[in-house]
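Quick caveat, the model's predicted, so the values are computed rather than measured. Note that ligands are numbered from 1 as they come in the structure, with each ligand's atoms numbered from 1 the same way.
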Amino acid sequence: MAESVKAKMVIDKEFQISEIDPRIYGSFIEHLGRAVYGGIYEPEHPTADDKGFRQDVLELVKELQVPIVRYPGGNMVSAYNWEDGVGPKEDRPKRLELAWRVTETNQMGTNEFVDWAKAANTDVMMAVNLGTRGVDAARNLLEYCNHPGGTYWSDLRKSHGYENPHNIKVWCLGNEMDGPWQVGQKTAHEYGRLAFETAKAMRLVDPTIELVSCGSSNSNMPTFPSWEAETLEHTYEVADYISLHQYYGNRSGDTANFLAKSMDMENFIQTVIATCDYIKAKKRSKKNMYLSFDEWNVWFHSNEQDKEIEPWTVAPPQLEDVYTFEDAVLVGSMLNTMLRHSDRVKVACMAQLVNVIAPIMTENGGAAWKQTIFYPYYYTSVYGRGVALNPVVSSPKYDSKDFTDVPYLDPSVVYNEEKGELVVFATNRHLEKDLEVDIDVRSFEGFDVVEHVVLENEDAKAINTATQENVKPHSNGESYVDDGKLVGIFPKFSWNMVRLQKKN
Ligand code: AHR
């Protein structure tokens, strides 16, 4: 054991933040790179079923217990004609896909994705094109997907072999419409008006849907957070969620600073909540706006190699970040941050799911394998279900290039009453010292540690490959319960999950 520093924490059954919406563990598949073609869909692959879905990938997706997957973009949706992706495959047009400057074959589309989602035990979160299109294409797509029958679009769906409606519940009103890179970028006023009118029409088609209004593309946008304030002036009463997107990188190789970036995510969430509540007050509204953090991850490793891609190729490797151990630790902290805000963050999507900035990678025709970031995502998704508790933390802190007072200890806590289980997720950001944490768990009498999973590695830059898993968790964590206290032993520079259960 390395030299240790001490911290304290109080966990109490009564300190409840919220019931966690399982959709906080959502993900994202965009028509981008090899996410669809060569990722989830590869008819020639030895494990492919009769629909062309790779079963090896489906198994890994199911392992993650992903509750909802956003589709079909991303930037791609802003110039997408959904009609290109339905009907007989041989009749579907090949198109120039402008967001990523590739050729889109449209061999996968709405219906196939719904089929795939069923096979993956997940729901679909559908995005509509508010870049080049608008009210009409959105309401038609919704009618095609959700209307039972007897109309042009719903009968067209039936004629395509889908008798029953897809009943897709969550819909994104466009994607990153503030971004200059977006085809059909809008000003806040233009977007607010268009999103409102689209939402109005979509609700007339199906009043049971939930809608996500586009927030800023990230917290560094010059128009953040006035974009949120101005667009919500229009969409507050018709939308259920506002979106947040954020990616982090470690371009300067400063690990201590990189691990602190979840504090930026924390500020981002707090600012969006404050802006939503300001509009709520201004409108004298009774309704709360919830947050859909529908793109989040680490993204920077592949930036340079992507500049070499030949334009208009089909499904080239794109945004194929190979993740390091330190990326996995930050991903753990990002999940902790969202859980601590689970009273407002109801949907979140790790971006993305397969091959493109993803926890799951594939070789065309070959293996599917787990990136380093698979692990914190897997454990938090599988064991982080129940009620989020607010941990009262007293931890030593450090300063880094961009952040001051960064606590070494970064936890989240989940209580599942039904299972009689208490789960502590904890990142130790200290690069040299273990953290020994005195955790007051008096309200959990009779609970004992059943498992302490640790993700640690001597090499911050360690990666996994198709043939070698250098970064994977072990269950030899040393935390224990003693005299009503949980003593959490979190090794230097690690991500942890300590699971306690009530003894009979
Ligand atoms: O996830 C990759 C891209 O990041 C998405 O297409 C876009 O919405 C964001 O800028």
| query | Would you call the rings of Trp82 and Tyr144 parallel, tilted or perpendicular, where under 30° means parallel and over 60° means perpendicular? | reply | tilted
| Any N or O of Trp181 that comes nearer than 3.5 Å to an N or O of ligand 1? | no
| Nitrogen or oxygen of His245 less than 3.5 angstrom from that of ligand 1 | no
| field | Exam field: side chain Asn250 to backbone Gly253, donor-acceptor pair closer than 3.5 Å | value | yes
| message | Tell me the contacting part of Trp100 for ligand 1: side chain, backbone, both, or neither, using a 4.0 Å heavy-atom threshold, strictly below. | response | side chain
| message | With no hydrogens and no angle check, just 3.5 Å: does a side-chain donor-acceptor pair link Ser78 and Gln182? | response | yes
| said: Heavy-atom contact check, 4.0 Å cutoff: does Ile357 meet ligand 1? | reply: yes
| What's the shortest distance from atom 7 (C) of ligand 1 to any protein heavy atom, and which residue and atom give it? | Asn75 OD1, 3.2 Å
| What do we get for Asn175 next to ligand 1 when only non-hydrogen atoms under 4.0 Å count, side chain, backbone, both or neither? | side chain
| task | Examine Trp299 together with Tyr247 and report whether their ring centres are nearer than 6.0 Å. | result | yes
| said: Out of all atoms in ligand 1, which are within 4.0 Å of some heavy atom of Tyr247? Include the element for each. | reply: 1 (O), 2 (C), 4 (O)
| request: May I ask you to check whether Asn470 and Gln468 show a side-chain donor-acceptor distance below 3.5 Å? | output: yes
| query | Which atoms of ligand 1 are found less than 4.0 Å from any heavy atom of Glu176? | reply | 7 (C), 8 (O), 9 (C), 10 (O)
| Heavy-atom distance to atom 8 (O) of ligand 1: which of Met76, Glu295, Glu30, Gln182 wins? | Glu295
| said: Testing the 3.5 Å rule here: is there a donor-acceptor pair between the side chains of His45 and Asn364? | reply: no
| field | Result of checking Asp206, Val114, Leu141, Asp123 against Ile168 for side chain to side chain contact (heavy atoms under 4.5 Å, CB included) | value | Val114
